[in-house]
Amino acid sequence: MDLLSNLNPVQRQAVEHPGGPVLIVAGAGSGKTRVLTRRIAYLLEKGTSPMEIFAVTFTNKAAQEMKNRVSTLSHQDLFWVGTFHSICVKILRRHAAEIGYQNAFGIYDDQDQKAVIKDCLKELKLDSKDFKPVNVMNHISRAKDSLIGCEEFAKEAAGYHEEIIAKIYTMYEKKLKLYHAFDFGDLIMKTVYLFEENPKTLEAYQEKFRHILVDEYQDTNQAQYKLVKLLSEKHKNIYVVGDPDQSIYRWRGADIKNILNFEDDFEGTTVINMEQNYRSTQTILKASNHVISNNSQRKPKNLWTEREEGDKIAYYLSDDEQGEGQYVVESINHAIENEGKSLNDIVVFYRVHAQSRVLENALRRGKIPYKIIGGISFYSRKEIKDVMAYMKLTLSPQDDINLKRVINVPARGIGQSSIARLEERAMQQGLSLHDAILDAMDDPMVQARLKKNLSVFMQVVQTLTEKASDLTVTQLLQEVLRTSGYVEMLEAQDDTESEERLENVKELISATEEFEEEESEPTLANFLEQMTLKSHIDSYQDQDEQLTLMTLHSAKGLEFPYVFIVGFEEELFPHSNSSFESDELEEERRLCYVGMTRAEQRLFLSGAQMRRLFGERTPKSPSRFLAEIPTEYVEFNSASHYTPTWNPEDDDMLYNQDHGNTAVEVVQVPVSVGFEEGEQVTHPEFGVGQIQEVSGEGASANYSVLFVRYSEPKLLSAKYARLTKY
DNA sequence: CGCGTCACTCATGAA
DNA sequence: GAGTGACGCG
């Protein structure tokens, strides 16, 4: 196949670039995946070895797809392809010993991290009310994202609160080292640290990686930036693709400056702008462009398309969240029955997972099969974490977090007070809990009954460890289930919850079997590592006839013919936690932009007038992002206006509740009508401004308003603008 | 020690 | 509405 076929001139330039730093600013739907894979295939064709290519993707799924595509194009297999995390694991597995860890380290997820932090709080006798584990964890993780180790953190700590966090951070690091574990942040930070400490190792990798490619560069953090900066110093072939308008992981340490300053950071950068969108209709693209143009911190760009104008964006204002669910169900049925769509063509996005429940109920009632991406992942379920903890212990018995997790699961008569005493012993002697238990078992002062209970547990661990090396992962798992008595425990409980847990454990067996079939090196360490680094989206498959539900954050990189974004309301989207600071609000807007630009043909937005929150019915107003879409692109409907395209007879009580006594229109959105050009107005959010231009009439009018606080005029719709005379 | 109950707190997003 | 900690009983 010709590697340059079906590419536009800009894409072709990107694929054929001779080398050196390249920044590709790739707008939504501009074909960046195609460019990236062709680029790699092109490099291979020009004689680069697959081992010399270091390519970072945002998810493992994307990495797999890239591998497959490259393999199809070039019949060569890439090796250094994956997320930052998975690539760094590969490096650390070979070199961790050089920085004082063992190469067989464990990986802690956020649950494990929290458990360690809780232990630190206990040991430091701190009140977990003043120092919430989640909060401390975020501090530590953000520090690691910025390559700030605990010593430096301690040095720069200002004020009591930070000083305490520094103490916790220091103890946390000590514990992780004792447990031979890395957390997510470590995977990147410690790799950078390795390179900084060992110039020889760095040089070897610098030499090796002739070409470095990074996708979704707008969502890299400082540690990741430093990593690619270091690695690219020799050959200077750093090729990054991203879109500042789609940076949505600031809260996870992503630094949008990485992409904004790329040209300055890497001398001789070629910037390539890919602005032709091949995905969405004119209407969807223009509407999205309007929304994102409200961000002040942005490089303007002009994303355009040759595609047809397409349908207007549908906006539906329901009475409450139930009505919204109903609307989604009906619209989906309509799309399937009358517009030739299948469930695979449709996706529903929401801002927070909590919104899924109401939708699920509506979908179940409507007999629409669905799957949810994200939420509580399979691998963070208690039973799965428990069983995996046993397997992890066979690799590293010193891992106290995993040891404590299962020492009394199933119950072995080793309760909290006993564990506390053992921990005390461990701390005093500077031992891991595992070694402290061994020590206690030789101590005549320790109760015989406790010793017996402890030896039962230690026997389990020992038996498993001995067998582990001779068994496949599946066999070990089955051995765990038998020896630990876990299955027995679940069977004895005999209620719906334990039945479900049993099912999940069985599903884990399928997972190990699948892993063994697919993997060339199906070791236990590989399995555990893959499961920990797996992302929600990685397990997403679109084969089945099912509707997909996910958060907007998971939406990145995907596209669907029909897209629903529900909960288009103030406080929910933009989320209330993000509406104070303008940086955060702009990130919410980018999230909105990401969501909207996923749509190829039709976009459905919806919100409710009343929503049950914290168990209370709360009045809601439409999202400000709605007001940022010119009304000419939108078809408005509300519960009272809405003309059902289905037969009301077929429906259940929900419908009647919604429509039973609503002869009167109840749209409670403040309407700002009758303003004229030049008039002074105020807006609750934007402050004082002047009307520059009026288009349309009455409630469907649009005002272009120049607010004092903003340099660009804002386009507001009369229906939602909440304008008053100044 | 283990288990159940009850009150209490606290609300995003995720590799 | 969920997850957690305190408390008290068997």
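Lettering follows sequence order; numbering is per chain, from 1. Model, not experiment: these values are computed from the prediction.
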Does the distance from a Lys or Arg side-chain N to an Asp or Glu carboxylate O, for A:D443 and A:K451, drop under 4.0 Å? no

Is A:L591 touching bases, backbone alone, or none of the nucleic acid, heavy atoms closer than 4.0 Å? nothing

Quickly, which of A:L359, A:L605, A:L572 forms a side-chain contact (heavy atoms from CB on, under 4.5 Å) with A:V566? Name it, please. A:L359

Quick one: label A:N408 by what it contacts on the DNA or RNA (base, sugar-phosphate, nothing), any heavy atom closer than 4.0 Å. sugar-phosphate

Non-neighbouring partners of A:D583 that pass side-chain contact (heavy atoms from CB on, under 4.5 Å), sequence neighbours left out: A:R250, A:Q297, A:E581

Can you check the distance between B:dA14 and C:dG3, where both ends of the measurement are the P atom (answer in whole Å)? 16 Å

Take atom CD of A:Q355 and atom C1' of C:dG1, then tell me their distance rounded to the nearest Å. 15 Å

Check whether the ring centres of A:F349 and A:F564 lie less than 6.0 Å apart, and answer yes or no. no

Please tabulate, one pair per line, each protein N/O and nucleotide N/O from nucleotides 12-15 of chain B that are separated by under 3.5 Å, including the distance.
from, atom 1, to, atom 2, distance (Å)
B:dT12, O4', A:H575, NE2, 3.3
B:dT12, O2, A:R351, NH1, 3.1
B:dT12, O2, A:R351, NH2, 2.2
B:dG13, OP1, A:H353, N, 2.8
B:dG13, N3, A:W251, NE1, 3.2
B:dA14, OP1, A:T551, OG1, 3.2
B:dA14, OP1, A:S554, OG, 3.4
B:dA14, OP2, A:H353, NE2, 2.8
B:dA15, OP1, A:H536, N, 3.1
B:dA15, N3, A:H85, NE2, 3.4

Taking atom P in both B:dG13 and C:dT4, compute the distance separating them and give it to the nearest angstrom. 16 Å

Specify the separation, in whole Å, of atom CD of A:Q111 and atom P of C:dA2. 17 Å

In whole angstroms, how far is the P atom of C:dG3 from the NZ atom of A:K382? 13 Å

When you check the gap from the basic side-chain N to the acidic O, do A:K382 and A:D386 get nearer than 4.0 Å? yes

Atom CE of A:M489 and atom P of B:dG2 are separated, to the nearest Å, by 13 Å

Can a side-chain donor-acceptor contact be found between A:S621 and A:E570 if the only test is distance below 3.5 angstrom? no

When we call it a touch if two heavy atoms are under 4.0 Å apart, what does A:K132 touch: a base, just sugar-phosphate, or nothing? sugar-phosphate

